[in-house]
Amino acid sequence: MASKTQNKDKETEMKEKNTIDETGVLEPEVIEPEILASSNPKITISKFQRAEDDIKILIRARYPIIYVLSDEKEKNVLQIVYDICRKGTTSNKYQKKLFLWDISRGIVEQTVDGPQIEYKSVSDQADDPINALDFIIAQNKDIDAIYVLCEFHHYLPDPNVQRKLRLFSEHTTNSEKKILILLSTKNDGMPNSGKAIPSELENIVHIYEWPYPDGLHIEKTLKDNIIPTLNHRFKEANPPIPQMNFVEKDMKKLVNACKGMTVYQIENATTKCAIVHKTLIPQTISLEKKQIIQRSGLCDYVEPDQKLSDIGGLANLKRWLKNRQNILSDEAFDFGCDLPNGVLMIGPWGSGKSSAAKAVIHEWGLPGIRIDAAKIYNMYVGDSEQRTRKILKLAESISPCVLWFDEVENLLAGGDSGVSDGGTSSRVIGIISTWMSEHEGMVFCIFTANDISKNPPKLFRKGRLDEIFIVDLPVSEEREEIYKIHIKKRLEKQNRLHLLDKIDTVTIAAKSYNFSGAEIEAAVNAAVIQCFNDGQRDLETKDILKAVKDTIPLSCTMREKITHLREWQKGRAVLASDFQPEEIKDIKEFVSVASGQHIEL
């Protein structure tokens, strides 16, 4: 008797399940390979593939309005949606029709005739958003279809459009099978609000941000599409061009160079590189990121030509940076080494902090982004926070990269309390500090500052940054090294490098007490200019000594300030140099020296 009851319950359950299937409101659960991959950590799928699965799940769940934000080519996203419609979300039984709307064509149905995608006009009358929505709402409720409205963000603030969308959502939720997908680019939000949709639509619209291709998808795109296509063109060229074949190490460099770009941008960058070099070179492809950074208008792309060897002194900092560079490898990661987070360099003006930051970008071979406080802060409420998020998101998308916060005390001028600016700086600090703890990808942050005694310590704690260095004024041995670097650079241009040994850099270094690296470079430049004006004669020791005599370094005029910074930095940071800093001379003593009493020319 119990067995009959159980069988009857099973039959009832199956009938109810079939009834639900026929309405199309809920499709049966089918475990697919993609879903298995996402639930099994041993099977890895790309973010791109996961995004396709997410859209498929949203369609299966009958979300009435899905707002997709994507910087990919519209054609590529539409092809993915079409494949879902053609194959069905779970099986061919659940195939769907696909209709498109834009302001220029009205509503068309996407069909496929062989390998080419074609469009069949459905309604020429739906040439504005209101007519288009009226047409969609009036369609047969039994038609299982997806309607994609392209660049519809322009019309969302219209109250009439908002009302039509609410009506569509209510009808679809009750009994209909239609689904609406709004397709726009990522940067098309509500002005100065950081919001993608008006508040009135928040409860009925599901926002989905399409990801940039990750390493897995980029590698698959390169191997399956881009490289075979380029090799085919090389083979057909006259004369034929050698075929490209990349080992695993070189392929990883190519993948890193392409990160942060859309598939469309990767195709363009690789094609351009192939035309110029007849192969794919990571450094050339990575230069395309300069366009991405410049288009944002929020930060600058850094193209340094300096090396760490071009900077005198700072031996401890150089060793630290070299050690961190060595762990930027798979071997170090497999050994258990964490990727470097960042570094803070504090010191007087002109001591070489910016030069060190540029040298890191050059030596590590990574794209460099410099953040300017003037480009972040804006008069509109909430806009500064939105810009900060965009910059951090940009850095994360093009990682591995170096993110350089130059003169960070200007960026955080309001302090942690934010009393002077209505809390804006406090919120910006919170966004940056949270991101530094939670961001993905290898983004090495470099903070340079002259004085952070008034800035919040939470931004620079261990875990967010790896180390804090004091980049102080160079001592005599370091000044001699800096003089040799700058003199050698200019003598090489003159083809007079043999004069280097004749210049007494030891004496010059001793006479330029408390000079910064920038002031040393300026003294050498002034001496070279004088030699040029004297008939392009040879550079001599006395020329540089005269330039030193005519200079009163900033350390003397800012003696109290630098002394205060040194006191504050004790026990809080590590010296970038192997030497203890020299005492700052009083300005009266220095003026006496500079007047010529102790300098013999």
Side-chain angles (χ1 to χ4, degrees), residues 305-307 309-315 347-356 358-359 450 471-563 577 579-601:
D305 56 1
Q306 288 179 302
K307 303 177 182 178
S309 57
D310 296 332
I311 305 172
L314 310 182
W349 304 264
S351 55
K353 303 181 295 297
S354 296
S355 297
K358 294 176 183 177
N450 301 317
V471 184
D472 212 318
L473 298 173
V475 299
S476 182
E477 293 86 349
E478 294 172 319
R479 291 197 297 274
E480 181 183 355
E481 183 183 354
I482 297 171
Y483 271 116
K484 286 181 178 179
I485 290 172
H486 291 297
I487 293 171
K488 181 181 178 181
K489 185 189 302 182
R490 285 155 179 82
L491 291 180
E492 282 179 341
K493 291 183 178 180
Q494 301 172 8
N495 292 323
R496 300 175 183 178
L497 194 56
H498 62 280
L499 298 175
L500 181 60
D501 294 333
K502 298 181 180 180
I503 298 177
D504 187 359
T505 53
V506 176
T507 301
I508 300 172
K511 298 299 183 182
S512 23
Y513 192 85
N514 290 157
F515 272 46
S516 68
E519 289 162 341
I520 291 173
E521 182 178 9
V524 174
N525 186 54
V528 172
I529 291 174
Q530 186 61 49
C531 292
F532 177 81
N533 291 331
D534 291 344
Q536 301 185 28
R537 61 177 176 81
D538 291 345
L539 180 66
E540 299 180 29
T541 301
K542 66 179 182 180
D543 300 315
I544 303 176
L545 284 173
K546 186 178 186 306
V548 170
K549 173 186 174 182
D550 295 339
T551 304
I552 297 180
L554 188 64
S555 60
C556 291
T557 56
M558 302 291 291
R559 180 173 182 266
E560 294 78 10
K561 182 71 173 176
I562 295 176
T563 302
S577 170
F579 303 94
Q580 289 295 323
E582 298 171 334
E583 183 182 353
I584 304 294
K585 282 187 178 181
D586 185 84
I587 189 168
K588 294 180 181 180
E589 179 183 358
F590 191 87
V591 169
S592 174
V593 174
S595 65
Q597 297 179 23
H598 302 290
I599 294 183
E600 296 178 3
L601 300 180

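The first residue in the sequence is number 1, and the count goes up from there.
Of the possible donor and acceptor atoms, none in the side chain of K561 sits under 3.5 Å from a partner among the backbone N and O of P348. Remark: side-chain polar atoms of D543 are paired, donor with acceptor, to backbone N or O of E540 under 3.5 angstrom. The backbone N or O of K307 sits less than 3.5 Å from a side-chain atom of D310, completing a donor-acceptor pair. Side-chain atoms of S555 come within 3.5 Å of backbone N or O of N514 as a donor-acceptor pair. Side-chain atoms of E480 never come within 3.5 Å of backbone atoms of E477 as a donor-acceptor pair (strictly under, hydrogens ignored). Judged by distance alone, with hydrogens and angles left aside, the side-chain atoms of S516 form no donor-acceptor pair with the main-chain N or O of L473 at under 3.5 Å.
Atom OG1 in T505 sits 8.5 Å away from atom CD1 in I544 (nearest 0.5 Å). Note: L500 CG to L491 CG = 6.0 Å, rounded to the nearest 0.5 Å. Rounded to the nearest 0.5 angstrom, Q306 CD and S354 OG are separated by 9.0 Å. The distance from the CZ atom of F515 to the CD atom of E582 is 12.0 Å, given to the nearest 0.5 Å.
Shown here is Q494, whose CD atom has more than 12 heavy atoms of other residues, nucleotides or ligands within 6.0 Å. Enclosure of atom NZ in K489 by more than 12 non-hydrogen atoms of other residues, nucleotides or ligands within 6.0 angstrom is indicated. No more than 12 heavy-atom neighbours from other residues, nucleotides or ligands sit within 6.0 angstrom of CG on D305.
The minimum heavy-atom distance linking D504 with T541 is given by the pair N-OG1, 3.0 Å. Residues L539 and L499 come closest through the heavy atom pair N-CD1, 4.3 Å. Contact record, T551 with A547: OG1-O, 2.9 Å, taken as the closest heavy-atom pair. Residues E583 and Y513 share a closest heavy-atom pair of O-OH, 3.0 Å. Pairing each heavy atom of L554 with each of E519, the nearest pair is N-OE2, 2.7 Å. Residue A509 comes nearest to S476 through the heavy atom pair CB-O, 3.6 Å, listed as atom of the first residue, atom of the second, then distance.
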- Message: Quick one, R490 with N525, criterion side-chain contact (heavy atoms from CB on, under 4.5 Å). Give me CA distance, side-chain angles, the key distance, then yes/no.
- Response: CA-CA 9 Å; R490 285 155 179 82; N525 186 54; 4.1 Å; yes

- Test side-chain hydrogen bond (donor to acceptor under 3.5 Å, both in side chains) applied to E478 and S577, step by step: CA-CA 9 Å; E478 294 172 319; S577 170; 2.6 Å; yes

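Residues satisfying the side chain to side chain donor-acceptor pair (under 3.5 Å) criterion with E492, sequence neighbours excluded, are absent altogether. Legend: residues meeting side-chain contact (heavy atoms from CB on, under 4.5 Å) with T563, ordered by chain and number and at least two apart, are R559.
Taking a cutoff of 4.0 Å between a charged side-chain nitrogen and a carboxylate oxygen, R537 and D534 qualify as a salt bridge.
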Distance-only donor-acceptor pairs under 3.5 Å for side chains of residues 481-488, two or more places apart:
residue : atom : partner : partner atom : Å
E481    : OE1  : G313    : N            : 3.2
Y483    : OH   : S512    : OG           : 3.0

